[in-house]
There are 2 protein chains.
Amino acid sequence: MKIDTIRDIAERAGVSVTTVSRVLNNRPDVSRATQEKVRRVMKESHFVGNANARGLKRADQEMVAVIVRGRQNPFLSALAEEMLQCAAPGKAPFALEYIDEQADEFHHALMLTHSRRASGLIFLGSRIDDRCHAIDGVNLPMVFATVTTQGTPMARASSVSMDDRAMACQAIEALLQRGHEKIAVFGGDRQGTDSLALRALGVEDAFHHRGMQLEEGRYVETRFTLSDAYEAALSFFRRCPDTDAAFCMSDTVALGVIRALVDLGRRVPQDVSVLGIDGIEMGRYSLPRLSTVAQPIGKIARESVAVLTEMMESGAHARHVTVPASLVLRESVREA
Amino acid sequence: MKIDTIRDIAERAGVSVTTVSRVLNNRPDVSRATQEKVRRVMKESHFVGNANARGLKRADQEMVAVIVRGRQNPFLSALAEEMLQCAAPGKAPFALEYIDEQADEFHHALMLTHSRRASGLIFLGSRIDDRCHAIDGVNLPMVFATVTTQGTPMARASSVSMDDRAMACQAIEALLQRGHEKIAVFGGDRQGTDSLALRALGVEDAFHHRGMQLEEGRYVETRFTLSDAYEAALSFFRRCPDTDAAFCMSDTVALGVIRALVDLGRRVPQDVSVLGIDGIEMGRYSLPRLSTVAQPIGKIARESVAVLTEMMESGAHARHVTVPASLVLRESVREA
DNA sequence: CTCCTTTCCGGTAACGTTATCGGTAACGTT
DNA sequence: AACGTTACCGATAACGTTACCGGAAAGGAG
């Protein structure tokens with residue numbers, strides 16, 4: 001099946017290809033009459049321009065790619081959507097790309113966006129590891145959201161993030177303040193310098209302030225999925241039944257932990273308090289309603305786009321922005 | 001900032017552009033030595049080909065687009081991911097595109113995929129309305145998943161779906177069988193011929209079989225979000241407190257309804273049973289665990305890709321496939 | 001009437017890649 | 001020695017679009 005080109009349209013409308021192109025791009029220098037004629041022919045022929053050809057010719061089309069690390073992560077999905085809202089009407093269109101959290105798709109996705117000649121890149125995901133070092137040699141304005149690149153080999157890229165360390169510290173302090181002492185932490189790999197590692201440091205800060213320390217056995221590593229968190233919590237709480245609070249480095253994990261606790265016959269929050277991070281919508285409707293350290297999704301999105309635009313337009317250097325998070329206490333943490 | 005082209009690489013490696021292109025596409029007719037030389041230069045220069053130029057030249061690249069209607073829909077997200085898994089290693093790459101459920105983005109997304117010269121399209125979403133009629137004139141192999149196009153103006157497109165009418169009927173029968181009589185239904189617009197309308201018919205079927213009828217006031221229209229479902233349920237159950245069961249046409253809605261019931265002091269399932277549709281992962285970990293009519297995500301994905309492939313390769317006509325769903329009874333529905 | 005704008009339109013050369021065709025060298029085969 | 005075969009490689013023409021330049025026609029100012 002042959003698809004029409006502007007040449008076909010031009011012929012059918014009795015004008016030149018240039019004119020068709022002009023109409024296609026709503027340029028002013030086409031008379032009312034020709035414009036309507038061309039449009040009519042285009043509509044009749046169900047004409048759709050060739051994005052590849054256009055992209056080849058116009059290098060300045062200002063497309064920015066958003067790579068989301070973690071396919072089923074409601075927090076990142078919500079954030080990604082918020083980013084799309086930031087796309088000003090006449091401005092750069094966004095292309096979304098989801099990659100797996102574990103697999104080595106980052107490099108692949110990066111090459112893809114680069115090969116499409118994107119003029120900017122936003123990365124969403126709390127984890128950065130060696131796989132992300134692939135940005136070397138890709139000279140593109142880049143912003144990492146929800147994780148800082150400060151002090152990493154990737155500092156060439158800007159970043160917009162919370163103060164993860166302070167956030168985690170504040171969270172633990174809230175639990176300590178409510179009389180919890182046997183606190184478990186459900187997080188990820190503590191290696192590296194990403195959000196998860198910083199939060200682990202923040203946890204220690206809080207304990208140190210009180211001259212205490214997180215017991216080693218109470219740090220539980222888990223992937224950030226419901227099923228993994230559930231299983232991890234099940235086996236942990238069987239092992240350490242005296243634990244009376246859990247701080248989870250993601251709301252999804254927190255929800256899995258709550259379910260496991262209930263299955264073990266423990267009540268939340270009467271027996272065990274559970275505190276998450278992210279502020280996903282589900283946390284407002286879960287049983288019990290989830291207490292969490294809410295990240296300001298809108299602000300992160302706007303700030304990321306702003307920083308990227310700045311880099312793209314004025315070639316500015318990388319900046320590292322910190323936005324404030326807020327502790328939201330709901331039902332899953334007991335009263336003081 | 002200038003980006004290298006194969007011409008630059010060719011010059012630097014002392015070969016012709018043709019040879020570079022050959023290396024880029026792993027063609028056999030390049031000597032070991034030249035191949036390595038070119039590859040080395042490409043690596044050193046951090047060369048990335050121009051996808052636009054390639055796409056322009058090669059019309060046969062077999063790219064298929066997946067349009068998902070509903071941005072924050074965990075069921076559709078899971079289904080979309082499953083689709084990507086179906087992408088055979090050497091076969092067509094998939095491009096994902098999320099559109100809003102309400103807004104008129106469908107036409108826009110369709111044009112986008114068409115302009116990129118996709119060779120096939122999969123649409124994910126239970127709702128089809130006038131906005132989708134835009135497929136007229138777009139002569140592309142298409143498959144609608146989770147909704148049937150049989151008997152609609154869009155029957156040119158294939159579809160893979162459950163038997164929505166039977167599903168809903170089975171769901172209501174399960175509730176009736178457990179002694180529920182005052183059943184509320186939380187669904188969407190009953191107009192049209194999409195999944196939601198079919199499910200509404202299925203509900204009536206079940207009542208008719210018993211010589212009963214769904215009371216008009218007990219059909220609650222709501223958008224399929226947690227917040228809307230919550231609000232709708234809150235006001236409905238205040239109005240009809242004698243209702244003892246709710247059938248929700250999406251798990252997300254069911255979760256919102258449960259939260260509303262608890263806030264009204266009703267216990268689930270002791271006072272009110274709640275039954276959903278979809279089979280999202282959250283339903284396995286919620287409190288109480290959600291009973292649901294589970295759709296076979298893997299099967300839908302595989303079947304959709306298979307039908308599309310068939311249409312693309314052999315130019316086959318549209319087919320309408322029905323896959324079986326299964327009732328999963330968990331905690332949110334009381335025992336018989 | 002001339003000259004100068006303004007408005008509108010068309011011809012042509014790119015953009016970066018791949019397909020096609022053709023050519024050269026090296027090696028067997030008779 | 002002549003020929004066919006194989007393995008490599010290069011020049012060139014597309015692909016569909018837009019940028020650039022130039023030109024015709026119409027109107028306004030002097």
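Note on naming: letters A, B, ... go to the chains in the order of the sequence lines (proteins, then strands), and numbering restarts at 1 for each one.
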OP1 or OP2 of dA19(C) less than 4.0 angstrom from a side-chain nitrogen or oxygen of Arg58(B), does that happen here? yes
Does Lys37(A) NZ have over 12 foreign heavy atoms under 6.0 Å away? yes
Please work out which of the three classes, parallel, tilted or perpendicular, describes the rings of Phe123(B) and Phe144(B), given edges at 30° and 60°. tilted
Would you call Asp100(B) and Arg69(B) a salt bridge, using N to O less than 4.0 angstrom? no
Could you tell me the separation between the CG atom of Asn50(A) and the C1' atom of dT17(C), rounded to a whole number of Å? 13 Å
For Arg117(A) and dG16(C), what is the distance between atoms CZ and P respectively, to the nearest whole Å? 8 Å
For the side chain of Arg27(A), counting heavy atoms from C-beta on, which of dG16(C), dA19(D), dT17(D) is nearest? dA19(D)
If only atom types and distance count, is the side chain of Ser115(A) paired as donor or acceptor with the main-chain N or O of Leu112(A) below 3.5 Å? yes
Take Ile6(A) and Arg7(B), find for each the nucleotide of DNA chain D with the closest heavy atom, and name the residue whose nucleotide sits nearer the 5' end. Arg7(B)
Side chain of Thr5(A): nearest nucleotide among dT18(D), dG16(D), dT18(C)? dG16(D)
Once you round it to whole Å, what is the distance between C1' of dT17(D) and CG of Asp8(A)? 13 Å
Rounded to whole angstroms, how far apart are CZ on Arg54(A) and C1' on dG16(C)? 18 Å
Looking across every strand, which nucleic acid part, if any, lies under 4.0 Å from Gly55(B) by heavy atom: base, sugar-phosphate, or nothing? nothing
For atom CG of Leu56(B) and atom P of dA13(D), their distance in whole Å: 17 Å
State whether the distance check finds a donor on one side and an acceptor on the other, under 3.5 Å, for side chain Lys57(A) versus base dA19(D). no
How long is the line joining CG of Asn26(B) and P of dT18(C), in whole Å? 11 Å
Length of the line joining Ile3(B):CD1 and dT17(C):P, which is rounded to integer Å: 10 Å
Side chain to side chain donor-acceptor pair (under 3.5 Å) with His320(A): of Ser159(A), Ser158(A), Ser161(A), only one passes, and it is Ser159(A)
Has the side chain of Ser31(B) got a donor or acceptor atom that lies under 3.5 Å from a matching backbone atom of Thr34(B)? yes
Under a 3.5 Å limit for both distances, which nucleotide forms a Watson-Crick or G-U wobble pair with dT20(C), could you say? dA11(D)
Closer than 4.0 Å, any side-chain N/O of Asn25(A) to the OP1 or OP2 of dT18(D)? yes
NZ/NE/NH1/NH2 to OD/OE distance under 4.0 Å, Arg7(A) and Glu11(A): no
Atom CD of Glu36(B) to atom P of dC8(D): distance rounded to whole Å? 13 Å
Scan every strand shown for a Watson-Crick or G-U wobble partner of dC27(C), both distances under 3.5 Å, and answer none if you come up empty. dG4(D)
For each nucleotide in nucleotides 5-11 of chain C, reading 5' to 3', give B when a protein heavy atom comes within less than 4.0 Å of its base, S when such contact involves only the sugar-phosphate, and - otherwise. ---SBBB
